Amino acid sequence: MFSKDLFLIIFILAYFSASTQDTIQKVPLSNRTANYSIDLFLDTNLKQVKANQRINFVNPSSDTIHTMLFHMYYNAFKNNQSSFNQEADRFMKSNTDENQEDGQWSWINIKKVQDAFGNNLIDSLHYISPDDSNHYDQTVLQLRLQEPILPFQSYQVDVEWDSKIPKSGVRTGYNRNYYFMVQWYPKLGVYEPSGTRFATKGQWNCHQYHANTEYYSDFGVYDVRMNVPQDYIVAASGYQIKQELDSNAQRSIYTYLAEDVIDFAWTANPDFIVHSELWQGIQIKLLVMPEHECNKDRFLEAAKHTLSFFESYLEKYPYPSLTIVSPPYYGLFSGAMEYPTLFTAPTLCILPPNIRTTETITMHELTHQYFMQILATNEQEEAWMDEGFTAFFEAKMMDKFYPQGVFNIDYLNFNLGSEEFRRGRFFNAENIKIGPMSKFGWKFKHGGHREIVYGKGALFLKTLEGLVGDICFKKIIQTYYKRWKYKHPCRNDFMAVVQEIVPQFHPIKSKGILDFMHQAIEQTVECDYVVQTVQVQDLEQKLGYFEDLSSARKAQKDSVQIYKSKAVFFRTGEMIVPQDIRLFFDDGTTAMYYWDGKERSHEILYTGHKKMLAAQIDPYYKVSIDKNLINNSYTLDQQSSGIERVFVSFMTWIQASMITASSII
Amino acid sequence: MNIFKAIQQGFFKVWICKRMVLLLYIAIFLMALCIAYPLKKLLESTVGHSLMVQDLMKGFDYEFFNDFNNAYGVGWTPIFDQSIVVVLLFLLLYVFFSGGIYAVLTQVPKSNYRAIFWANSAQYFWKILRLSLFFLVIHSLVFALFALLFYALVNGELQNEGVISTALKIVLPCYYLVALFFFVWQDYSKYFLVTAPKKWIISTLVESFRFLRAHLMNVYFLYLINMLFWGVLVFINYRITLLIDIESYSTILLSFFVSQLFLLIRIFIKLINIGSIVSYTSLD
Ligand SMILES: [Zn+2]
């Protein structure tokens with residue numbers, strides 16, 4: 001048996017043996033568990049990739065490992081019985097016949113596998129379906145090893161493979177001469193040692209490719225050489241080391257090095273225009289089609305805002321390069337997607353400047369560099385931990401840097417803020433209780449995944465920020481980041497940080513806040529608090545005989561009127577959230593109360609010279625997860641001015657519409 | 001130039017018969033009230049005691065309307081249904097008024113103004129209704145034709161979205177010019193229908209078509225000028241609306257009066273268009 005010290009020595013040796021190649025990062029940022037060296041040839045005629053790939057895996061545990069699991073994503077498009085296609089039948093139906101015949105079916109196939117000991121392992125491969133036992137699904141490949149991987153030891157395997165690229169696939173593929181290559185190679189799952197996330201014993205975490213979800217992989221170094229036709233412009237994750245020309249074959253070979261990343265994506269197209277600039281030590285590259293150059297500055301400005309924001313909020317962007325790929329119109333299949341140091345952000349020049357999707361997408365996808373690329377959560381199991389965090393920060397930054405909102409027009413001061421837009425998208429969902437945020441992505445069989453992971457995830461964080469305050473919240477995120485960067489945190493790890501930090505700032509209220517967190521993440525309860533009514537009673541002066549029969553009390557002219565005021569509050573949702581309450585009085589003063597929010601109904605009584613005019617729950621809009629903010633207040637008298645304003649506008653529109661409609665008569 | 005003279009005469013005709021403008025305005029006002037008032041009541045009964053109502057003073061509030069829609073949105077349905085019915089009723093009413101409007105603007109009577117208006121409204125109601133239905137079909141067909149043309153231009157996989165905007169730039173003006181002809185034809189047909197009644201609508205259509213063929217450029221130009229008036233008016237209305245900062249009841253009232261004034265002018269311009277058609281045809 002190995003002693004702990006021996007483990008450590010072996011681990012250090014293994015680590016150095018894994019990192020003897022060219023480096024950019026002076027000090028490794030991550031443990032570099034899964035390292036790849038790939039030589040690929042892009043055949044643009046056959047729409048195929050042929051590659052030789054060396055994988056250097058470092059066992060991160062004290063376990064002896066006998067198998068390796070690989071993601072074979074392109075097999076999701078191999079036939080219509082794959083789990084991906086069964087789940088994404090909407091996509092299948094919308095895809096054209098031409099695409100179905102002409103290259104929608106695609107695949108990835110391993111032709112040769114050999115370990116460092118010279119063993120040919122091709123017969124030790126077989127597909128498994130750990131999630132749904134779908135035997136037609138070939139997106140997870142198991143390799144049984146002849147020589148086991150010893151604790152903390154590195155293991156090398158060489159793989160020769162080829163693949164057929166999907167035409168206008170989902171997120172990846174080609175169309176015309178645009179190639180967007182993601183999840184394109186045999187990629188290792190994540191070996192989770194006991195104690196990592198939910199693992200009670202060492203295990204591979206390697207889910208099938210599902211329609212809703214995509215990522216979970218380990219950190220490592222990618223050293224990739226891409227052989228493409230000479231006129232193609234290539235960009236990829238990491239940093240371009242060199243570009244060689246093979247003029248005889250009319251080919252270019254691009255070499256990229258990406259360190260401490262969880263994945264490697266690349267794109268190729270002869271028509272890209274490349275804008276490159278060095279900004280605060282980061283090489284920002286924008287690949288854009290000529291017809292989309294109009295929005296060049298919008299991309300770059302939004303990217304710089306995001307980088308600055310996170311530099312002050314968390315940490316300076318740690319990689320030397322950042323690539324923004326704005327796909328052509330016919331390449332919109334690649335969507336708005338995030339990959340290490342590279343993301344796609346579609347844009348259209350026909351969109352007017354008051355529609356800020358270019359900025360929103362740039363901020364969103366760049367934020368993913370922190371949430372999921374660096375804090376490498378499991379997107380397949382807990383998508384809210386990247387999408388929720390990202391949507392939250394995207395909205396925060398948009399509202400800060402673009403206060404006019406994601407969309408605005410001058411008429412009626414229409415201004416759609418990013419946060420309220422996100423909130424709306426959640427509450428407009430068909431079923432906001434369809435599943436907890438902690439539910440695995442592919443188990444949202446009847447929709448609602450996006451609304452829960454983006455919408456509820458962001459709303460949960462916004463509410464948490466409201467309840468604990470900006471400073472405490474920032475400390476939570478910073479601690480979470482510092483503790484878990486370049487690792488694989490799960491919700492328990494985040495909740496542990498919240499549990500640790502919140503009592504330092506809110507010793508009394510912390511229990512209510514932590515209870516809220518558990519309800520929001522693990523349950524499907526909805527939140528709705530209501531101010532049911534405000535009532536005021538004039539207390540009559542006591543007149544007549546009371547204790548003393550000798551003289552009757554008479555009305556006193558100068559006496560001050562006393563009012564008995566009552567505000568009644570309901571908790572109509574199941575979620576319990578601590579609430580602030582503000583009461584408004586007729587002398588212009590206000591009073592604040594705290595309610596733990598637990599009872600189904602609650603009242604505040606006030607007797608005195610002041611008359612209560614209104615009561616408001618959550619006056620500072622901390623609890624944006626409350627599904628109806630309108631009933632969070634109640635005024636003694638009807639509020640008519642705002643309604644009159646709507647009435648007058650509505651009336652005018654109807655009149656104008658009638659006059660316009662009469663033109664057809 | 002007959003056109004400008006026609007517009008000038010059209011203006012004077014409408015000015016003399018301005019009670020007709022008022023009648024149309026009142027009809028539109030009352031019918032719009034039938035739709036808007038229930039909305040006011042719905043808002044008062046559901047959210048009238050919320051402090052969030054104050055946010056509506058600054059204009060459109062997405063959060064308010066979204067929450068309102070989710071919590072009380074069921075209240076929209078009857079209002080929406082009712083609004084469709086009321087607008088359809090208004091269109092019928094306008095069909096009814098059309099005979100009277102054309103007759104009054106043709107005759108510009110010194111006396112028996114009301115009698116001529118109501119008598120001609122009643123007399124030509126069914127004919128103008130049939131004419132309107134005929135043109136409704138024509139307008140729909142023209143629209144469908146250009147929609148198909150647009151679809152054909154952008155169908156299939158596009159090189160870039162510029163194809164869509166280019167297609168729009170081609171299709172929209174063409175549609176505008178072609179559709180305009182049918183609107184013009186419709187208006188002139190109403191004139192001939194009222195001034196030279198025939199047994200069959202088709203005879204009126206032929207007669208007006210012949211007239212248009214003989215005066216195509218002028219009638220087009222006349223219509224375009226009237227459209228231009230309308231466009232300028234809508235633009236001025238929009239700019240003035242932006243200038244009014246609504247903060248109190250008095251500013252709500254001010255904006256209401258301003259918008260009503262513009263609506264009144266829009267009706268006025270609408271009738272000037274008819275007046276100028278009548279004048280142009282009679283000048284000819
Ligand atoms: Zn995202």
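Just the heavy atoms: all of them, side chains too, but no hydrogens, waters or symmetry mates, feed the values below. Each chain gets a letter, A, B and so on, in the order its sequence line appears, and its residues count up from 1. Because the structure is predicted, anything quoted here is derived from the model rather than measured.
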Flag side-chain contact, heavy atom, 4.5 Å: [X] against [Y]:
X        : Y        : answer
B/Ile35  : A/Phe650 : yes
A/Tyr330 : B/Asn160 : no
A/Ser662 : B/Phe90  : yes
A/Met651 : B/Tyr37  : no
B/Leu91  : A/Met658 : no
B/Tyr249 : A/Ser640 : yes
A/Thr660 : B/Arg266 : yes
B/Asn70  : A/Lys627 : no

Worksheet item: Which pairs with one or both residues in residues 41-59 of chain B pass salt bridge (charged side-chain N to carboxylate O under 4.0 Å, His left out), sequence neighbours excluded?
Response: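 Applying salt bridge (charged side-chain N to carboxylate O under 4.0 Å, His left out) to every pair that reaches into residues 41-59 of chain B, excluding sequence neighbours, yields B/Lys40-B/Glu44, B/Lys41-B/Glu44, B/Lys58-B/Asp61.
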Give, as side chain, backbone, both or neither, the part of [X] having an atom under 4.5 angstrom from any heavy atom of chain A.
X        : value
B/Ile246 : side chain
B/Tyr72  : side chain
B/Leu51  : both
B/Ile164 : side chain
B/Phe68  : both
B/Phe135 : neither
B/Leu39  : side chain
B/Gln186 : side chain

Which answer fits [X], side chain, backbone, both or neither, if we ask what part of it has an atom under 4.5 Å from a heavy atom of chain B?
X        : answer
A/Asp637 : backbone
A/Leu636 : backbone
A/Leu629 : both
A/Gln638 : both

Do you know which of [options] has the most heavy-atom pairs under 4.5 Å to chain B?
options                                : value
A/Glu644, A/His292, A/Arg176, A/Arg423 : A/Arg176
A/Ala661, A/Ser657, A/Ser633, A/Ala614 : A/Ser633
A/Asn428, A/Asn628, A/Ile630           : A/Ile630

Distance in Å, [X] [atom1] paired with [Y] [atom2], rounded so as to fall on 0.5 Å steps:
X        : Y        : atom1 : atom2 : value
A/Ile654 : B/Phe29  : CD1   : CZ    : 13.0 Å
B/His139 : A/Ser663 : NE2   : OG    : 9.5 Å
A/Ile659 : B/Phe262 : CD1   : CZ    : 12.5 Å
B/Glu161 : A/Leu348 : CD    : CG    : 4.5 Å

Counting heavy atoms not belonging to [X], are there more than 12 under 6.0 Å from its [atom1]?
X        : atom1 : value
A/Lys47  : NZ    : yes
A/Arg298 : CZ    : yes
B/Phe182 : CZ    : yes

If you count heavy-atom pairs under 4.5 Å with chain A, which of [options] comes out on top?
options                              : result
B/Val53, B/Leu253, B/Ile128          : B/Val53
B/Gln54, B/Met31, B/Met57, B/Gln260  : B/Met57
B/Ile28, B/Asp187, B/Val86, B/Asn273 : B/Ile28

Return the minimal non-hydrogen interatomic distance between [X] and [Y], and the atom names on each side.
X        : Y        : answer
B/Gly48  : A/Ile643 : CA-CD1, 4.0 Å
A/Gly424 : B/Asn66  : CA-ND2, 3.2 Å
A/Arg645 : B/Gly59  : NH2-CA, 3.5 Å
A/Gly642 : B/Leu56  : O-CB, 3.8 Å

Worksheet item: Which word best sums up how the rings of B/Tyr62 and A/Phe421 line up, parallel for under 30°, tilted for 30 to 60°, or perpendicular for over 60°?
Response: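 Answer is tilted, since the angle falls between 30° and 60°.
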Discussion item. Show, in sequence, the C-alpha distance, side-chain angles and deciding distance for B/Ser50 and A/Asn631, and conclude whether the side-chain contact (heavy atoms from CB on, under 4.5 Å) test is met.
Written reply: CA-CA 6 Å; B/Ser50 173; A/Asn631 65 16; over 6 Å; no
Worksheet item: Sub-3.5 Å donor-acceptor pair from the side chain of B/His49 to the main-chain atoms of A/Thr635, do we have one?
Response: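 It does hold such a pair.
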Item to complete: Kindly say whether A/Ile665 contributes a backbone atom to a donor-acceptor pair with the side chain of B/Ser132 at under 3.5 angstrom?
Response: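 Not a single qualifying donor-acceptor pair exists.
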Item to complete: Apply the test side-chain contact (heavy atoms from CB on, under 4.5 Å) to residues B/Leu33 and A/Phe647: give CA-CA distance (whole Å), side-chain angles for both, the deciding distance (0.1 Å), then the verdict.
Response: CA-CA 9 Å; B/Leu33 199 64; A/Phe647 169 66; 3.8 Å; yes
